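To start, the structure itself, in C-alpha cells.
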Amino acid sequence: MTDQRPFYRLTPEKRRERLAQQANLSKEQLDCLQKQSSRFGNELVENYVTDYRLPMGVVTGLMVNNKTYTVPMVTEEPSVIAAANNGAKRVRLSGGFHAEKQEHQVIGQVIISPVKDSAKCIRWLAQHTAEMIKVANAVRPSLVKRGGGAWKIEVRPLPDYLSVDIYIDVQEAMGANSVNTMAEAVGQYLINEGFPVLTAILSNLYLGSLQKVSCLVQTDYLKTAAMSGLQVAKRIASLSKLAQVDVLRAATHNKGIMNGIDAAVIASGNDWRSVEASAHAYAAYGHPYHGLATWQLTKQGLRGELTLPVSLGVVGGSIKLSQQSKINYQISGIRTSAELAAVVLSIGLAQNLAALRALATTGIQAGHMQLQYRSLAVSVGANADEVDKVVDALKPMDQVDQAAAKKVLQKIRRE
Ligand code: NDP
C-alpha cells in the first residue's frame, strides 16, 4: 500500500522515494540524492530531500589591513574565482586593501499605521524612547550581557506611516532573528499603549553597518601586452564613471561585485539574500541606482573604493552547524563579524577590478569563454579525461555552441 501521509510528514528517505516514483528517477539517481543528503539538512529546511552541492574554490593571497587571507568561495559561475584571484593579486602587489572598522548595528522597524494626530504621536514616542529600549533589551538579555543590544530609537515619519527605528548592536551575529524578536516586543508594548501597529521586523538595509574598503593599485600592475598600465587605468576610471550615470551599466557593474561577495558569503554560511537586498537598496539610497564600487585615477595610482551596508555573522543561524562551514572558518582564519565584512567587501572590490580591467582591454568574453567552454564540455557529456581536449578543440573555433561541442566530443571519441 502506498504511503498516504502528506509529504512533510515523511522522513527524508521516504520523501526521496516518493519523488523517485513521481518523477520516474532511476536507481542511480535515487542513490545520488541519498549520497548527497546530510544529517543537518532535515533540521534546517522543510520538506528536506537532499543537499544541493555547488563548487567551492578559494581566493588566495587576499591582503586586507596587512593580513593575508585564503578565503573559500562557493559559486557555480566558472569565471568568478579566477577573476577574484586575478584582482586580489594586483591589489596585493600594490599593498593590499584597507578596510575601516565596521560598526555593527541592525535596525528593527515598528511601523505605526496612519493616526489622526501624528505630531502628538511623534512627541509621545520621543518621550518614551528609554522605555522602548528597555522593552527591547528585556527579551534578549544575553545580547546585552555581551555588550550589545538596543541603544537608540529614532522616529521617522513616512507618507501616512510612522517608523520607529530601533538601532541594535548585534555583536558577532547577523542579527535578524534577535532584531525581529526585539522589534516585536516593542510593537507589543506600543499596541498595549494604544498605537495601531501594522508590523514589526528588521530592515535589510543595514545603514547601521556600513563597511568601507579601498585600495590603491599601481598602474604598472594593470598593463596588458597591447596597452600601458596608465591607459588601462584611465579606461577603468571611465567605466567606473559610466556606472554612476547609466543604470543599465550600473546593474551589471554591481552584479560583478556581487559575484565575489555572494560566493564568499555563501561559503561563510551567511544569508546571502540579505546581503543582496542590502547592496541593491543601498545602490538606490538617496539617488538613482548607481555603481557601488568606484575607481579614480590619482597621481599615486588607481584608487578603488567600495562601501556597502552588510550584516554578517560568525555565529548564529546555520553558521558552523555543518562540518563544511567549520572547515571554511578554519581555512580563512576569520574570527569576527567585522573581519568577515572587511574580507568579503575586499573580494567584491577585487572582483570588480578584474572585471573592469577585462572590459577595458580584451573584453569580458576572452577570459570567460575559456572557462565557459569547460562547462560546455561537461554539459555535452565529456568525462574528466576529455574536458581539456574538448576545450582545446573549441578555442580556435569562431562559433562555439552545444552542437559544436557535441561534434568535437564525438570526433575525440572516434579518434
Ligand atoms: P540567531 O537567532 O541564531 O541568534 C544569534 C545566536 O548566536 C544566539 O543564539 C546567540 O546566543 C549566539 N551568539 C553566541 N555568541 C554570540 C556573540 N558573540 N554575539 C552575538 N550572538 C552570539 O541568529 P541571528 O539573530 O543572527 O539571525 C540570523 C538568521 O536569521 C539567519 O539564518 C537568517 O537567514 C535569518 N533570518 C533573516 C531574515 C532577513 O534577513 N530578513 C528574516 C528572518 C530570519 P544567545 O542566545 O545566548 O544570545
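Predicted, not measured: the structure shown is a model, and the values here were computed from it. No hydrogens, no waters, no symmetry mates; every other heavy atom, side chains included, goes into these values. Atoms within a ligand are numbered from 1 in the order they appear, just like the ligands themselves.
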Say whether [X], considering both its backbone and side-chain N or O atoms, lies within less than 3.5 Å of an N or O atom on ligand 1.
| X | result |
| --- | --- |
| Gly175 | yes |
| Arg140 | yes |
| Met174 | yes |
| Ser178 | yes |
| Asn204 | yes |
| Asp271 | yes |

Give me the residue, atom name and distance of the protein heavy atom closest to [atom].
| atom | result |
| --- | --- |
| atom 45 (P) of ligand 1 | Ser142 OG, 3.4 Å |
| atom 19 (N) of ligand 1 | Glu172 N, 3.1 Å |
| atom 35 (C) of ligand 1 | Ala176 CB, 4.1 Å |
| atom 44 (C) of ligand 1 | Asn177 OD1, 3.6 Å |
| atom 6 (C) of ligand 1 | Gly316 CA, 3.7 Å |

Once you round to the nearest 0.5 Å, how far does CG of Leu302 lie from CG of Leu216?
8.0 Å
Looking only at heavy atoms, which two atoms of Ser332 and Pro72 are closest? And how far apart?
CB-CD, 4.1 Å
Write down the atom of Gln218, the atom of Ser94, and the distance for their closest heavy-atom approach.
N-OG, 3.0 Å
Just which atoms of ligand 1 are under 4.0 Å from any heavy atom in [X]?
| X | answer |
| --- | --- |
| Gly317 | 1 (P), 3 (O), 23 (O), 32 (O) |
| Leu202 | 39 (C), 41 (N) |
| Val170 | 20 (C) |
| Asn180 | 42 (C), 43 (C) |

Right, does atom 9 (O) of ligand 1 have protein non-hydrogen atoms nearer than 4.0 Å?
no
Tyr289 side chain to His280 side chain, donor-acceptor N/O pair below 3.5 angstrom
yes
Any side-chain donor paired with an acceptor under 3.5 Å for Ser142 and Arg140?
yes
Aromatic plane relationship, Tyr167 with Trp151 - under 30° parallel, 30 to 60° tilted, over 60° perpendicular
perpendicular
Residues in ring pair (Phe, Tyr, Trp, His ring centres under 6.0 Å) contact with His290, at least two apart in sequence or another chain:
His287
If you measure from atom 47 (O) of ligand 1 to every heavy atom of His104, Gln171, Arg146, which option wins on shortest distance?
Arg146
Look at atom 5 (C) of ligand 1 and find which of Ser337, Gly269, Ala173 reaches it with the closest heavy atom.
Ala173
Okay, side chain of [X], backbone of [Y]: is any donor-acceptor separation there less than 3.5 Å?
| X | Y | result |
| --- | --- | --- |
| Thr70 | Ile331 | no |
| Glu172 | Thr336 | no |
| Ser37 | Gln34 | yes |

Find out whether Cys32 and Glu28 are in side-chain contact, i.e. whether some heavy atom of one side chain is under 4.5 Å from a heavy atom of the other.
no
